[in-house]
Peer 1: 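One structure coming up, written as structure tokens, with questions to follow.
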Amino acid sequence: MDICEASDFTDGSPAGYDRYQELKSFDESKAGVKGLVDSGISKIPRMFIRPRDDVVADKSEESGGFSIPVIDLDDLALRRAEVVSAVLEASRDVGFFQVVNHGIPTAILEGILAATRATHELPVDVKNRYYSREPDRMVNLVSNFDLYQSKFANWRDTLFCRMAPDPFDPEELPSVCRDMFMEYAKHAKLLGITLFELLSEALGLQPDYLKNIDCAKGHVILGHYYPACPEPELTLGTTKHNDPNFLTILLQDHIGGLQVRYQDQWVHVPPMPGALIINIGDLLQLISNDLIKSVEHRVLANRIGPRISVAFFFTHHQSRTARLYGPIKELLSDSNPAIYRDITCEEYVSHYKKRGLGGQSALTPLRLQG
Ligand SMILES: O=C(O)CCC(=O)C(=O)O
Ligand SMILES: [Fe+2]
């Protein structure tokens, strides 16, 4: 069982506060954070409240002037060397970049945001059918996948959909988002293949290297819904975390709130119409033997909402693919020995989920003693 014992949740102050009961009744309502907001609350429940230091935005992002790189994928055939070197630099130094002219039509980007919103805004009795923490289900509409593991709940609800590599029946999805999710997955997969080719070249490997070891094969869509929050300074939309996958293609709407850790400061990722945010996941950091980095990021809560974002994860996630991933042999040498042990995606994701979001990188326990 990977949920904590009830006693772990009783923090003793104030007298009588029972965290576990609060989580349980929230979870059993199956209405998510959106349900709380719809009920008209003006104060956020205690399970969401964090220490101030955890939430306060550094002043740094106002002064530094640093913004995450933007890479133009237009005319790739002619500009390939330039793009590969921009991808290398961004993946090594920042772990994040935005791409423009990526080939996914604006109508599809708008469509997937609208479909995600419409799903979260279905009547509660329809939404209830999808609300589950059952890991073997292909589609779950749930609030806080790590509700019972983490210290503080996040101000967001999420639609999870495991579309590949295991066979996926579109009928599993609510009809309101079915066609759009299937369509977006096709586009995101193609863009992912292009990105894995660029990343392979950036690492000095053959263009099809990462695709051939199945990095592009597994797809999970996470459609996030961050309701307007009456006390945004007390909580977060998403706790700081690294992604437990190979790569993420992230689409955010116009509201903003995503921040990335760069040189010990939180840096805003400003919404950029038509752009997609790309970030390196833990498993790509692992197989690159730390040449490229999976970087912490988080989402602030906001008085304005809902904020919608769609994360497309390249990962085998819960699928039972037995392939082991470890540092790529071609990248290793006497002066660059392997620093991680091999692991399957499934093992990595289950290790990551047991920890919940927050804390040190989930890669740390996989480091070999040096
Ligand atoms: O909502 C966002 O902008 C970020 C979501 C995210 O970090 C994730 O799904 O891993
Ligand atoms: Fe993330």
Side-chain angles (χ1 to χ4, degrees), residues 32-34 57 61 68 91 94-99 109 112-113 116-117 119-120 140-146 150 153-163 181 184-185 188 192 218-229 232 235-262 266-273 275-285 293-302 304-315 317 345 348-349 352-353 355-359 361-363:
V33 178
K34 180 173 187 299
E61 78 258 12
I68 74 160
S91 309
V94 193
F96 268 76
F97 50 96
Q98 307 218 49
V99 290
L109 303 183
I112 187 83
L113 288 173
T116 300
R117 179 170 183 164
T119 310
H120 285 278
N140 282 327
L141 211 172
V142 77
S143 187
N144 285 267
F145 78 89
D146 59 347
S150 59
N154 282 323
W155 199 258
R156 73 166 180 185
D157 302 327
T158 301
L159 171 65
F160 288 89
C161 176
R162 286 198 284 137
M163 303 189 93
F181 268 55
Y184 186 71
H219 310 146
V220 177
I221 299 193
L222 294 85
H224 301 299
Y225 187 94
Y226 299 83
C229 180
T235 190
L236 283 173
T238 306
T239 310
K240 68 172 183 175
H241 68 283
N242 306 66
D243 290 352
N245 56 8
F246 293 107
L247 194 73
T248 304
I249 298 178
L250 177 69
L251 170 65
Q252 65 169 338
D253 71 6
H254 59 285
I255 290 186
L258 173 65
Q259 296 185 324
V260 171
R261 199 74 183 154
Y262 177 73
W266 288 110
V267 175
H268 278 299
V269 183
M272 204 176 159
L276 287 163
I277 300 156
I278 311 298
N279 65 287
I280 306 298
D282 289 347
L283 291 167
L284 211 48
Q285 173 170 339
K293 298 276 160 59
S294 164
V295 165
E296 271 181 350
H297 49 289
R298 67 179 189 180
V299 181
L300 301 181
N302 198 324
I304 300 165
R307 170 182 185 268
I308 313 291
S309 70
V310 178
F312 191 93
F313 276 21
F314 288 91
T315 170
H317 217 70
C345 285
Y348 191 72
V349 170
Y352 182 97
K353 282 189 156 183
R355 297 164 57 255
L357 296 184
S361 163
L363 282 174

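Just follow the structure's listing: the first ligand is 1, and inside any ligand the first atom is 1. Each residue takes its place number in the sequence, starting with 1.
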Peer 1: Between Gly281, Ser309, Gly223, flag the one that comes closest to atom 1 (O) of ligand 1 by a heavy atom.
Peer 2: Ser309
Peer 1: Just to check, does Arg298 reach to within less than 4.0 Å of ligand 1 when the distance is taken from its heavy atoms?
Peer 2: no
Peer 1: Tell me which one of Glu296, His268, Lys240 satisfies side chain to side chain contact (heavy atoms under 4.5 Å, CB included) with Gln259.
Peer 2: His268
Peer 1: Taking C-beta and beyond as the side chain, do Leu258 and Ser309 meet within less than 4.5 Å on heavy atoms?
Peer 2: no
Peer 1: With a cut-off of 4.0 Å, which atoms of ligand 1 are near a heavy atom of His297?
Peer 2: 7 (O)
Peer 1: Do you know which two heavy atoms are closest between Ser143 and Arg156, and how far apart they sit?
Peer 2: OG-O, 3.0 Å
Peer 1: Let me confirm one number: the OH-CG distance from Tyr226 to Asn302, rounded to the nearest 0.5 Å.
Peer 2: 12.0 Å
Peer 1: Which residue holds the protein heavy atom closest to atom 4 (C) of ligand 1, what is that atom called, and what is the gap in Å?
Peer 2: Val299 CG2, 3.7 Å
Peer 1: Can you list the atoms of ligand 1 that are under 4.0 Å from a heavy atom of Asp243?
Peer 2: 10 (O)
Peer 1: Within the structure provided, determine whether Arg298 and Asn154 are in side-chain contact (heavy-atom separation under 4.5 Å).
Peer 2: no
Peer 1: Protein N/O/S atoms under 2.8 Å of the Fe ion (ligand 2)?
Peer 2: His241 NE2, Asp243 OD1, His297 NE2
Peer 1: What residue among Thr238, Asp243, Thr248, Asn242 forms side chain to side chain donor-acceptor pair (under 3.5 Å) with His297?
Peer 2: Asp243
Peer 1: Heavy atoms, side chains only, cut-off 4.5 Å: are Val349 and Lys353 in contact?
Peer 2: yes
Peer 1: Report the nearest protein non-hydrogen atom to atom 3 (O) of ligand 1: residue, atom name, distance rounded to 0.1 Å.
Peer 2: Arg307 NH2, 2.8 Å
Peer 1: Minimum heavy-atom separation for Pro271 and Ile255, please, with both atom names.
Peer 2: CG-C, 4.2 Å
Peer 1: Flag Gln252 as yes when one of its N or O atoms lies below 3.5 Å from any N or O atom of ligand 1, and as no otherwise.
Peer 2: no
Peer 1: Assess whether ring pair (Phe, Tyr, Trp, His ring centres under 6.0 Å) is satisfied between Phe313 and His219, documenting all intermediate values.
Peer 2: CA-CA 6 Å; Phe313 276 21; His219 310 146; over 10 Å; no
Peer 1: Taking distance alone, with N or O pairs closer than 3.5 Å, would you say Thr238 contacts ligand 1?
Peer 2: no
Peer 1: Could you check Ile308, Thr116, Leu109 and say which one makes a side chain to side chain contact (heavy atoms under 4.5 Å, CB included) with Asp253?
Peer 2: Ile308
Peer 1: Nearest to atom 9 (O) of ligand 1, what protein heavy atom do you find, and at what distance?
Peer 2: His224 NE2, 2.7 Å
Peer 1: Could you tell me, atom by atom, which parts of ligand 1 come under 4.0 Å of a heavy atom of Ala311?
Peer 2: 9 (O)
Peer 1: For ligand 1, which atoms sit closer than 4.0 Å to a heavy atom of Tyr226?
Peer 2: 1 (O), 2 (C), 4 (C), 5 (C)
Peer 1: At what distance is the nearest protein heavy atom to atom 6 (C) of ligand 1, and which residue and atom is it?
Peer 2: His241 NE2, 3.8 Å
Peer 1: Just so I know, are the side chains of Val295 and Val94 near enough to count as touching, which here means a heavy-atom distance under 4.5 Å?
Peer 2: no
Peer 1: Between Asp282 and Asn245, is there a side-chain heavy-atom distance shorter than 4.5 Å?
Peer 2: no
Peer 1: Ligand 1 and Arg156, any nitrogen or oxygen pair closer than 3.5 angstrom?
Peer 2: no
Peer 1: I need the contact type for Leu250 against ligand 1. Using non-hydrogen atoms and a strict under-4.0 Å cut-off, is it side chain, backbone, both or neither?
Peer 2: side chain
Peer 1: Within the 4.5 Å heavy-atom criterion, are Ile221 and Val310 side-chain neighbours or not?
Peer 2: yes
